[in-house]
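These notes concern the structure reproduced below.
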Amino acid sequence: MTHYIGRFAPSPTGPLHFGSLVSALASFLDARAAQGQWLVRIEDLDPPREDPSAAAEILRILDQYGLYHDGEVVYQSQRSDLYQAALEQLISSGAAFPCTCSRSQLGGRLHLGICSARPGEDCAYRFLCPGTHLTLHDGLQPDHSYDCQQSIGDFVIRRRDHLWSYQLAVVVDDAAQGITHVVRGIDLMDSTARQYLLQQALALPHPHYSHLPVAVERNGQKLSKQNLSLAVCGADVAATLFTALQWLRQSPPDALASAGRDEMLQWAVAHWQPALLSGLSGQPAPSSFMRPS
Ligand code: GLU
């Protein structure tokens with residue numbers, strides 16, 4: 001059996017929309033086609049932005065779509081000790097430093113260099129960005145190169161209000177869960193660069209990344225919970241799966257349109273061809289999942 005552990009890692013800021021459904025479906029199909037495991041992790045790190053009912057609702061919809069995960073669902077809100085240990089490791093190796101610079105002090109510039117703040121103060125912690133170039137190889141997208149200090153800078157890994165940053169938590173959890181393959185939207189490509197640098201600094205393995213195109217609205221904006229995109233509901237599951245497979249360019253045969261959910265998923269696992277999405281960065285969501293204009 002191939003050693004493959006994939007995951008879907010939604011933030012519970014609202015219900016699943018079509019864009020998150022296709023990410024969940026693509027990562028599920030990629031894992032199952034490789035006879036791998038597929039885990040679900042709820043990224044509930046930012047309570048002020050969360051909707052208290054969203055995590056349960058997301059898990060319910062995944063179940064209704066037959067996207068069954070392996071193992072227990074992991075909640076980032078319960079894993080602070082792991083993030084704290086990683087922060088301490090970075091501080092002791094000189095790769096993280098306390099910082100009190102506010103956004104307005106930085107005035108849009110990237111933070112570069114050690115701040116005069118001392119630990120113990122009411123401070124954030126930043127990752128000290130190395131002065132290196134980084135080239136990311138991707139399963140679906142062309143190579144992406146970064147001059148790290150020019151385009152990334154010293155980014156926050158623990159906020160001043162003591163919330164953990166998404167970047168640090170994802171790196172720690174992907175490693176702790178043994179994730180080998182990450183399939184997610186291309187909007188997270190620049191986060192991948194940050195995560196790659198953190199993996200290097202923490203001596204953690206780099207998963208294999210594939211960045212999917214994102215589903216966009218009529219105005220070209222990415223569908224997101226923030227722009228109140230329509231939620232995927234539990235009705236018409238098979239028809240929605242069929243539409244999602246078409247959106248993922250898998251060309252499901254017409255005859256499959258009348259099949260049930262499980263048959264459709266079986267077909268999709270057996271015929272999964274991610275390469276059909278190569279180089280695509282975005283495409284319109286089906287009109288039934290866009291907000292009315
Ligand atoms: N939690 C992130 C989101 O919902 C995705 C994280 C990831 O896939 O790494 O946008």
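Start at 1 and go down the list; that is how both ligands and their atoms are numbered.
Side-chain contact between Asp51 and Thr13: absent, with no pair of heavy atoms (C-beta onward) separated by less than 4.5 Å.
Between Arg159 and Asp46 there is a salt bridge, with a side-chain nitrogen of the basic residue lying less than 4.0 Å from a carboxylate oxygen of the acidic one. Ionic pairing of Arg32 and Asp70 is present here: one or more N-O contacts between side-chain nitrogen and carboxylate oxygen are shorter than 4.0 angstrom.
Of the N or O atoms in Gln195, none lie within a sub-3.5 Å distance of an N or O in ligand 1. Residue Glu43 places at least one N or O, backbone or side chain, under 3.5 Å from an N or O of ligand 1.
No part of Phe8 comes within 4.0 Å of ligand 1, judged by heavy-atom distances. Contacts between Pro10 and ligand 1, counted as non-hydrogen atom pairs separated by less than 4.0 Å, involve the backbone only. When heavy-atom distances to ligand 1 are checked against a 4.0 Å cut-off, Leu188 comes that close only through its side chain, counted from C-beta outward.
Taking the six-membered ring where the residue is Trp, the centroids of His111 and Phe127 are separated by 6.0 Å or more.
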Checklist entry - Step by step, would you call Tyr196 with His206 a ring pair (Phe, Tyr, Trp, His ring centres under 6.0 Å)? => result CA-CA 7 Å; Tyr196 201 93; His206 305 295; 3.6 Å; yes
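For ligand 1 and Tyr166, the ligand atoms under 4.0 Å from any heavy atom of the residue are 6 (C), 7 (C), 9 (O). Proximity to Arg7 (heavy-atom distance under 4.0 Å) selects the following atoms of ligand 1: 7 (C), 8 (O), 9 (O).
Cation-pi geometry between Arg194 and Phe155 is met: the NZ or CZ atom falls under 6.0 Å from the ring centre, inside 45° of the normal.
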